[in-house]
Protein chains: 2
Amino acid sequence: MTTRLSDIADEAGVSVMTVSNVMNGKRARVSPATIERVLGIAARLGYVPNIPARSLAANSSHIVAALVPVGENNSLLVSPHTVAVVGGMETHLRHRGYHVLLRGIEHEDQVAQTVRGWSLDGVVLVEFPDEQIDRLRVDTVPLVAIDSYSANPRTIGVRSDDHGGGRLAGERLADAGHRHVLFAGPPYAGLGVVGQRWAGFREACLAAGLDPRRVEAVEVLTSFEDGRRLGLRLRRDHPDVTAVFATADHLAVGIMAGIAESGGSVPGDVSVIGFDDLDFARYTTPGLTTVAQNMPAKVAEASRIVLEEIEGAAGRGSDAGEGAREPVALDVHLVERGSVGPPRE
Amino acid sequence: MTTRLSDIADEAGVSVMTVSNVMNGKRARVSPATIERVLGIAARLGYVPNIPARSLAANSSHIVAALVPVGENNSLLVSPHTVAVVGGMETHLRHRGYHVLLRGIEHEDQVAQTVRGWSLDGVVLVEFPDEQIDRLRVDTVPLVAIDSYSANPRTIGVRSDDHGGGRLAGERLADAGHRHVLFAGPPYAGLGVVGQRWAGFREACLAAGLDPRRVEAVEVLTSFEDGRRLGLRLRRDHPDVTAVFATADHLAVGIMAGIAESGGSVPGDVSVIGFDDLDFARYTTPGLTTVAQNMPAKVAEASRIVLEEIEGAAGRGSDAGEGAREPVALDVHLVERGSVGPPRE
DNA sequence: ATGAAAGCGCTAACAG
DNA sequence: CTGTTAGCGCTTTCAT
């Protein structure tokens, strides 16, 4: 029923190995005439390689897993961010002959288990907290960690220039004349993504001469609802604040909604600036001014790096290799849409 | 290095087969004492089954592929819809011991090839046009097609009640007093998703006594930008229309933006109603009134059905089986948010 | 209740 | 340039 290498070999009158070599592009070892004949027969018979067999024999699967942490039994792939990463990875890898396994990780150990069980060739970690990445001990395959600031040397971080993004936001607000601003983001430990954005933001504000006591920060979860609640109580809880920088567009948009709902206007009463530049940032009224991440570039980099490490490793033994690779930080830029204006009165 | 079945067998003083049986839950064939001993050793040694080896030997992989068509080299997973499906599938399947392979399909033939090459146990087709599904010839594994109205008997459709959704929208607008309405959706052939929504919408409008000539339809691509352009020229091109039903929230939100930009107000001048109830439907001002799909239920159904078919098929031979299964249609309901009001003046 | 033999389809390593 | 020999880790089938 299914065509195997041996079927092609029989028909071409050559050995299975020769066919295998042709199929894998190791054509230096085969004569052009044979190549052509084999390829012809393969095409005619509709040969499709058996991936599990190949993985088993070669102890390598041509699979890169996209690993995403899950809490309990809720779905993953929740954030638009994850989506962009996984979708983009599939596209890049497919063109290079690799495949993407999508897997939710319930417990750290499952990372190593998945690598072994599948003979994975590479891993991309998406949305993993830095502390978890720190603890990871997988040294047989390249591990690319999106948005990670972990110091784990087995891991290659690919992220946006979060510090620079925070700075852009701070400069923009200070330039507009704001003297009392608020940073809104989820609770964080250390200098991860959120910490970087806060540091950059604060730095820019202080550099512009703002009073440190007037560069406040509040902890809010990254959701529209939490943003909305913050927006609703904003003018009561922070009466002097004239501008808010939210670490995520979801949050920023929620804040805008809350402000509007409580009778305030954006940017008339309060200016709002976001981070990400998600699709819906332009759907609001006014549009959301936000720090744009270059997601396609981020994904392309992550994909490029895993592939490079995979193919490089093949040449120099299976270890992740000589001299931990430098993390990559991608540029960000400000997109003006109208949610930032001069301070009120 | 890696623990194999034979390592456990050696240590337990039993055969590999016994260990295999224990691991696969075929415990009826093994004595309780042995089971416990084997399990203990496996846990201590950190045994992780080798998936490729299992797939090769059993000719079945415990993998369900999420297949998504791609045009040229652009990314897949673009729509929030696809995202919800793929993410939800992963969650449901993981809990049942299955895995999700995400794959973009460039050409129809790749569906069958992927099934064979990976020894897939099942397939979920996402965003495939009905004509392509019609042509699919894969009879070894269950094929669940999301949002399909294809008559292909090898395929099981899981979709929302699109006709009913269209009807809800039509009734809502007619009830509000609108007498001249517009349906906006992508070009479609036959009675696919869009065709159903249009049919339901039209039916409801006519039932409410609207003049058939005043139930118009325009073709627009499903994007914010195309919606915006339609919104901008709406009052010029369709001066008498007082309400628009868009087949997708993206489109609806774009239309609202276009109307606002051209100086009109929603719902003051024109009412707008969408379909999907995506997150951002509540981010706009006013919020978008829309027909909500029950995505979690849709995904749960799709997952349940593939699994049921997979495990059912094991018992009755490999064929997709007796009596093509009925398609499933999930309920929809209307979410009021403020973009629908009475007709102007 | 348990085991022995055979083989899934492919590739690594070496021989010619 | 091409072929031979092994064997990846597991499951199937059939015996015991």
Side-chain angles (χ1 to χ4, degrees), chain A residues 1-10 12-38 42 45-63 97 113 115-121 140 314-315 317-318, chain B residues 1-10 12-38 42 45-63 97 113 116-121 140 314 317-318:
Chain A
M1 188 69 251
T2 301
T3 308
R4 288 159 299 191
L5 284 187
S6 62
D7 297 328
I8 301 176
D10 288 351
V14 296
S15 80
V16 173
M17 261 328 289
T18 300
V19 181
S20 169
N21 283 136
V22 171
M23 289 321 210
N24 292 353
K26 304 190 174 171
R27 301 186 184 173
R29 305 166 164 275
V30 189
S31 77
T34 309
I35 292 183
E36 196 169 347
R37 193 150 36 91
V38 167
L45 263 41
Y47 173 71
V48 179
N50 182 309
I51 313 271
R54 172 193 288 179
S55 302
L56 179 57
N59 189 32
S60 136
S61 58
H62 273 59
I63 300 180
Q113 288 170 13
V115 169
R116 274 173 37 207
W118 287 84
S119 305
L120 291 183
D121 284 359
T140 49
S318 74
Chain B
M1 188 68 249
T2 303
T3 307
R4 288 158 299 189
L5 285 187
S6 62
D7 297 329
I8 301 176
D10 289 350
V14 297
S15 82
V16 174
M17 262 326 293
T18 301
V19 180
S20 170
N21 282 137
V22 172
M23 289 321 210
N24 292 352
K26 305 191 174 169
R27 301 186 184 175
R29 307 169 164 275
V30 188
S31 76
T34 310
I35 291 183
E36 196 169 348
R37 191 151 37 91
V38 166
L45 263 40
Y47 173 72
V48 178
N50 182 310
I51 312 271
R54 173 194 287 178
S55 302
L56 179 57
N59 190 32
S60 136
S61 57
H62 273 59
I63 300 179
Q113 287 171 13
R116 276 178 31 212
W118 287 85
S119 304
L120 292 182
D121 284 359
T140 49
S318 75

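We name chains A, B, ... by the order of the sequence lines, and we start the count at 1 in each one. A quick note: this is a predicted structure, and the numbers were derived from the prediction, not measured.
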Item to check | Pairwise distance CG(Leu45(A)) to OG1(Thr2(A)) - rounded to 0.5 angstrom | outcome: 11.0 Å
Checklist entry - Counting only side-chain N and O atoms of Tyr47(B), is one of them less than 4.0 Å from OP1 or OP2 of dC10(D)? => result yes
Checklist entry - How long is the span from the CZ atom in Arg116(A) to the OH atom in Tyr47(B), to the nearest 0.5 Å? => result 10.0 Å
Checklist entry - Toward the 5' end of DNA chain C, which comes first, Val14(B) or Leu56(B), by nearest nucleotide? => result Val14(B)
Checklist entry - Does Ser20(B) place a side-chain N or O at less than 4.0 Å from the phosphate oxygens OP1/OP2 of dC10(D)? => result no
Item to check | Asp10(B) CG - dT2(C) P separation (whole Å) | outcome: 17 Å
Checklist entry - Quick one: which of dT4(D), dT11(D), dC10(C) gets closest to the side chain of Ser15(A)? => result dT4(D)
Next on the checklist: With a cut-off of less than 4.0 Å, is there a side-chain N or O of Thr18(A) near OP1 or OP2 of dT2(D)?
Outcome noted: no
Checklist outcome for this item: The nucleotide from dT11(D), dG9(D), dC8(D) with an atom nearest the side chain of Ala53(B) is dG9(D)
Checklist entry - For Thr34(A) and dT2(D), is the shortest distance between a side-chain N/O and OP1 or OP2 below 4.0 Å? => result yes
Next on the checklist: For a quick test of reading the model, state the closest non-hydrogen atom pair linking Asn50(A) to Pro52(A) and the distance between them.
Outcome noted: OD1-CD, 2.9 Å
Item to check | Ala57(B) side chain, from C-beta outward: closest of dG9(D), dT12(D), dC8(D) | outcome: dG9(D)
Next on the checklist: Expressed as a whole number of angstroms, how long is the span from Met23(A):CE to dT2(D):P?
Outcome noted: 15 Å
Checklist outcome for this item: Asn50(A) has its side chain closest, among dT13(D), dG9(C), dC10(D), to dG9(C)
Checklist entry - Between Ser20(A) (side chain) and Val16(A) (backbone), is there a donor-acceptor pair under 3.5 Å? => result no
Checklist entry - Looking at Asn59(B), does any N or O in its side chain come under 4.0 Å of the phosphate oxygens OP1/OP2 on dT11(D)? => result no
Next on the checklist: Under a 3.5 Å distance rule, please check whether Ser119(B) uses its side chain to pair with a backbone N or O of Ser61(B) as donor and acceptor.
Outcome noted: no
Checklist entry - Which listed nucleotide (dA4(C), dG9(D), dT11(C)) is nearest to the side chain of Met17(B)? => result dA4(C)
Checklist entry - Whole-Å distance between dG9(D) C1' and Asn24(B) CG? => result 13 Å
